[in-house]
Amino acid sequence: MVKYGLDYTRCRWILPLLLGIGVIFGIIALAGRGWLESQTLPYVHQASLWESCTRSGQGGPWTCESLMGYAWGRAAAATYLVGFILLVICFALAIIAFAIDTLRFNFIRGIGGLLFVAAVFSIMGLVIYPVKFSTEIDMTGINMFSWAYGFGWTTAIMEICLGFFFCCLPNYEDQILGNVKPTYFYSSP
């Protein structure tokens with residue numbers, strides 16, 4: 001990306017595209033019912049960020065309990081949701097920043113800083129949830145934190161990595177704008 005500059009049409013939208021993928025992963029984590037699931041048969045426990053569902057037998061009905069009745073459930077949901085909202089704001093700001101012909105590099109560095117704040121909130125929610133869930137909710141059988149919880153961690157890791165990219169991109173301002181003369185390594189025979 002640095003070699004061709006951000007005016008190179010295929011490279012210009014890589015970072016906003018990765019932020020968009022992070023937003024999609026965050027939506028999957030927020031809406032997914034697979035934060036915690038039973039690992040073995042009979043499947044008797046399933047939980048999301050919002051509720052915990054159990055059933056007594058193999059074919060019995062699911063009974064669900066809202067996690068918003070617990071202070072830690074509200075805290076985990078709120079912190080992860082704040083991190084997700086900050087990620088969506090960063091996505092919108094990145095689209096605006098890269099759509100303008102002349103890049104504002106301080107603006108891009110600000111997006112990186114906001115991504116680090118989003119990652120802190122997301123990680124707080126992702127740590128509160130399993131610690132308090134496993135101590136406060138009675139679990140039967142063997143359970144595992146599953147795919148939707150993994151999407152939440154993937155979103156947080158993407159926020160950290162993209163935060164580094166957005167913060168480090170202004171360091172290569174001259175190379176991106178084409179203000180540096182190319183150096184040729186030539187040795188005469």
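When side chains are defined from C-beta on, Leu126 counts as touching Tyr149, because their heavy atoms get closer than 4.5 Å. For the pair Met124 and Val82, the minimum side-chain heavy-atom distance is 4.5 Å or more. At a threshold of 4.5 Å between non-hydrogen side-chain atoms, the residues Ile27 and Phe151 do not count as touching. Here the side chains of Phe133 and Ile128 are not in contact, with every heavy-atom distance at 4.5 Å or above. Within the 4.5 Å cutoff, the side chain of Cys53 has heavy atoms near those of the Arg33 side chain. Inter-residue side-chain proximity for Leu19 and Leu15 is flagged as unmet; no heavy-atom pair is nearer than 4.5 Å. With a 4.5 Å cut-off on side-chain heavy atoms, Thr54 and Thr63 count as touching.
In this structure, CD in Gln46 is found 8.5 Å from CD in Glu51, a value given to the nearest 0.5 Å. Taken from OG in Ser48 to CD in Glu37, the straight-line distance is 11.0 Å, to the nearest 0.5 Å. Atom CD1 of Ile85 and atom SG of Cys90 lie 12.0 Å apart (nearest 0.5 Å). The CZ atom of Phe165 lies 10.5 Å from the CE atom of Met158; values are rounded to the nearest 0.5 Å. Here the CD1-CD1 distance, from Ile89 to Ile111, works out to 11.5 Å after rounding to the nearest 0.5 Å. Rounding to the nearest 0.5 Å places CZ of Phe25 at 12.5 Å from CZ of Phe84.
Under a hydrophobic clustering in which Ile, Leu, Val, Met, Phe, Trp and Tyr are joined whenever their side-chain heavy atoms come within less than 4.5 Å, directly or via other members, Leu93 and Leu18 fall into the same cluster. Met68 and Trp62 sit in two unconnected hydrophobic clusters of ILVMFWY residues. Membership requires side-chain heavy atoms under 4.5 Å apart, directly or through other members. When hydrophobic clusters are built by joining Ile, Leu, Val, Met, Phe, Trp and Tyr residues whose side-chain heavy atoms come closer than 4.5 Å, directly or via intermediates, Leu115 is grouped together with Leu81. Hydrophobic clustering of Ile, Leu, Val, Met, Phe, Trp and Tyr side chains at less than 4.5 Å, counting indirect connections, keeps Trp147 apart from Met144.
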Practice prompt. Test side-chain contact (heavy atoms from CB on, under 4.5 Å) on Leu36 and Ile137 and set out the steps.
Written response: CA-CA 12 Å; Leu36 181 121; Ile137 304 289; over 6 Å; no
Practice prompt. Given side-chain contact (heavy atoms from CB on, under 4.5 Å), test Thr155 with Tyr80 step by step and report yes or no.
Written response: CA-CA 10 Å; Thr155 303; Tyr80 189 79; 3.9 Å; yes
Item to complete: List the steps, then state whether side-chain contact (heavy atoms from CB on, under 4.5 Å) holds for Glu65 with Tyr70.
Response: CA-CA 10 Å; Glu65 171 191 13; Tyr70 298 97; 2.8 Å; yes
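For an aromatic pair to be called close, the ring centres must be under 6.0 Å apart, and Phe164 with Phe116 satisfies this.
Each of Phe145, Tyr129, Trp50 was compared with Trp35 under the ring-ring contact (aromatic ring centres under 6.0 Å, His included) criterion, and only Tyr129 meets it.
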